[in-house]
Protein chains: 2
Amino acid sequence: MSTPSENSATLTKRLIDSGLRPTAQREVVFKVILEKRDHPTADEIFARVKSQMPTISLATVYNCLETLVQCQLIRQVNLERAPTRYCPNLHQHAHFHDETTGQIHDIDLPIELMAQLHDVLPAGFNASSVELTFRGDAAGTAQPTVPADCAPTLNNPHGTN
Amino acid sequence: MSTPSENSATLTKRLIDSGLRPTAQREVVFKVILEKRDHPTADEIFARVKSQMPTISLATVYNCLETLVQCQLIRQVNLERAPTRYCPNLHQHAHFHDETTGQIHDIDLPIELMAQLHDVLPAGFNASSVELTFRGDAAGTAQPTVPADCAPTLNNPHGTN
DNA sequence: AAAAGAGTTTAGAATTATTCTAAATCCTTG
DNA sequence: CAAGGATTTAGAATAATTCTAAACTCTTTT
Ligand SMILES: [Mn+2]
Ligand SMILES: [Mn+2]
Ligand SMILES: [Zn+2]
Ligand SMILES: [Zn+2]
């Protein structure tokens with residue numbers, strides 16, 4: 001469940017459902033984020049996209065990214081004050097920032113832990129989102145930083161494979 | 001444990017221990033952060049400090065803040081891509097960002113939860129720090145956003161009161 | 001005490017990720 | 001086809017932070 005053409009169909013449907021148009025720029029930006037398993041910055045995405053669509057502008061990349069985030073097709077990740085990164089993994093997960101390599105790894109979060117996180121909130125605090133980030137060293141991890149099958153499809157909106 | 005003169009003594013010792021000088025600017029920046037229970041930005045700190053020391057510059061405020069963070073007398077807090085905020089609470093805690101008011105609240109984290117957080121890390125991942133941030137609405141919380149007694153003293157370095 | 005030296009402060013310039021602007025282009029619809 | 005809204009684009013603008021280099025302060029050495 002997540003061939004390129006399925007992802008493209010997902011994108012098209014999400015955009016149309018939001019009253020937006022499935023443009024070539026939005027397609028290629030989304031594709032480029034899905035095809036490499038990392039957490040690229042807007043600049044990196046711009047570079048990757050330019051090889052397939054040399055006329056695209058950086059402003060458009062920013063516009064597309066904002067759209068994709070709003071359509072919940074990718075996630076925005078901010079670490080420290082570094083440039084914003086974008087994550088194709090829509091599963092609930094934490095981020096591990098390897099200070100040695102600079103890489104960002106996805107860490108799966110058990111549902112039970114999420115519940116416990118919400119339990120630390122005093123009465124009256126209603127959280128709509130939680131963000132968990134680790135910083136440190138990841139010994140011998142040449143592994144991909146984002147799991148292979150991470151983007152939900154329209155028929156599988158919660159990503160349960 | 002944390003009268004103004006005790007905090008000042010703590011600052012002086014920490015600075016000298018790091019080979020740095022206890023300057024009037026560092027004193028006043030630290031004092032201003034401790035005396036109001038919130039998470040001010042550099043600009044807000046600059047404004048508060050200027051009323052006591054009208055000649056101080058914004059660059060110096062940034063310099064002092066960096067020094068205080070390095071001496072572990074305050075914490076840096078980054079939310080989204082908004083200006084960096086500074087937190088006088090050195091206890092292990094999470095942040096709750098109230099999207100309605102913009103306020104940031106400190107959330108105490110039980111030690112047991114911290115252990116569980118580290119347990120989600122696969123073998124090889126060695127975290128030196130964890131950051132937990134909630135976003136949502138805090139109903140009827142006119143409470144202070146930082147607990148009253150939050151800065152450890154030299155005689156009480158782990159903040160156990 | 002004077003001189004030297006290291007550390008600090010300061011104003012203003014520089015940096016840089018991101019957003020804004022306004023014109024050109026593209027699509028969809030009547 | 002014509003009109004209209006949506007989108008893209010290049011370049012300007014923004015804004016938090018960092019940098020630079022000169023002035024200043026405090027401590028140490030002579
Ligand atoms: Mn999946
Ligand atoms: Mn305390
Ligand atoms: Zn991720
Ligand atoms: Zn705090």
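Below, each value reflects all heavy atoms present in this structure, side chains not excepted, and no hydrogens, waters or symmetry copies. Just so we're on the same page: letters track the sequence lines, and every chain starts at 1.
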Can you name the one residue among A/R85, A/H95, A/H97 that meets side chain to side chain donor-acceptor pair (under 3.5 Å) with A/H39? A/H95
Say you draw a straight line from CG of A/L15 to CG of A/L73; how long is it, rounded to the nearest 0.5 Å? 7.0 Å
Atom pair distance, as rounded to whole Å: CD in B/Q70 and C1' in D/dT18: 14 Å
Give the C-alpha distance, both sets of side-chain angles, the deciding distance and a yes or no for side chain to side chain donor-acceptor pair (under 3.5 Å) between A/E27 and A/S8. CA-CA 7 Å; A/E27 286 266 356; A/S8 168; 3.0 Å; yes
Presence of A/R81 side-chain N/O under 4.0 Å of D/dT17 phosphate oxygens OP1/OP2: yes
Are A/V130 and A/F96 connected into the same hydrophobic cluster when the rule is that any two of I, L, V, M, F, W, Y join if their side-chain heavy atoms are below 4.5 Å apart? yes
Between A/D43 and A/K50, is there a salt bridge with N-O shorter than 4.0 Å? no
Is a side-chain donor or acceptor of B/R37 paired with a backbone partner of B/L34 at a separation under 3.5 angstrom? yes
Could you tell me whether the phosphate oxygens of D/dT17, OP1 or OP2, come under 4.0 Å of any side-chain nitrogen or oxygen in B/T84? yes
DNA chain C: first to last nucleotide in contact with chain B (atom under 4.0 angstrom from a heavy atom), 5' to 3', is C/dA6 to C/dT18
Distance, rounded to the nearest Å, where A/E80 contributes CD and D/dA16 contributes P: 19 Å
Establish, with yes or no, whether the OP1 or OP2 oxygen of D/dT25 is under 4.0 angstrom from a side-chain nitrogen or oxygen of B/Q25. no
Sorted by number, the residues of residues 55-69 of chain B with heavy-atom contact under 4.0 Å to DNA chain C: B/T55, B/I56, B/S57, B/A59, B/T60, B/N63
Taking 4.0 angstrom as the limit, do A/R135 and A/E80 come out as a salt bridge? yes
Single-linkage hydrophobic cluster, 4.5 Å side-chain cutoff, B/L117 and A/L121 together: yes
What is the distance, to the nearest angstrom, from the CD atom on A/E27 to the C1' atom on D/dT7? 15 Å
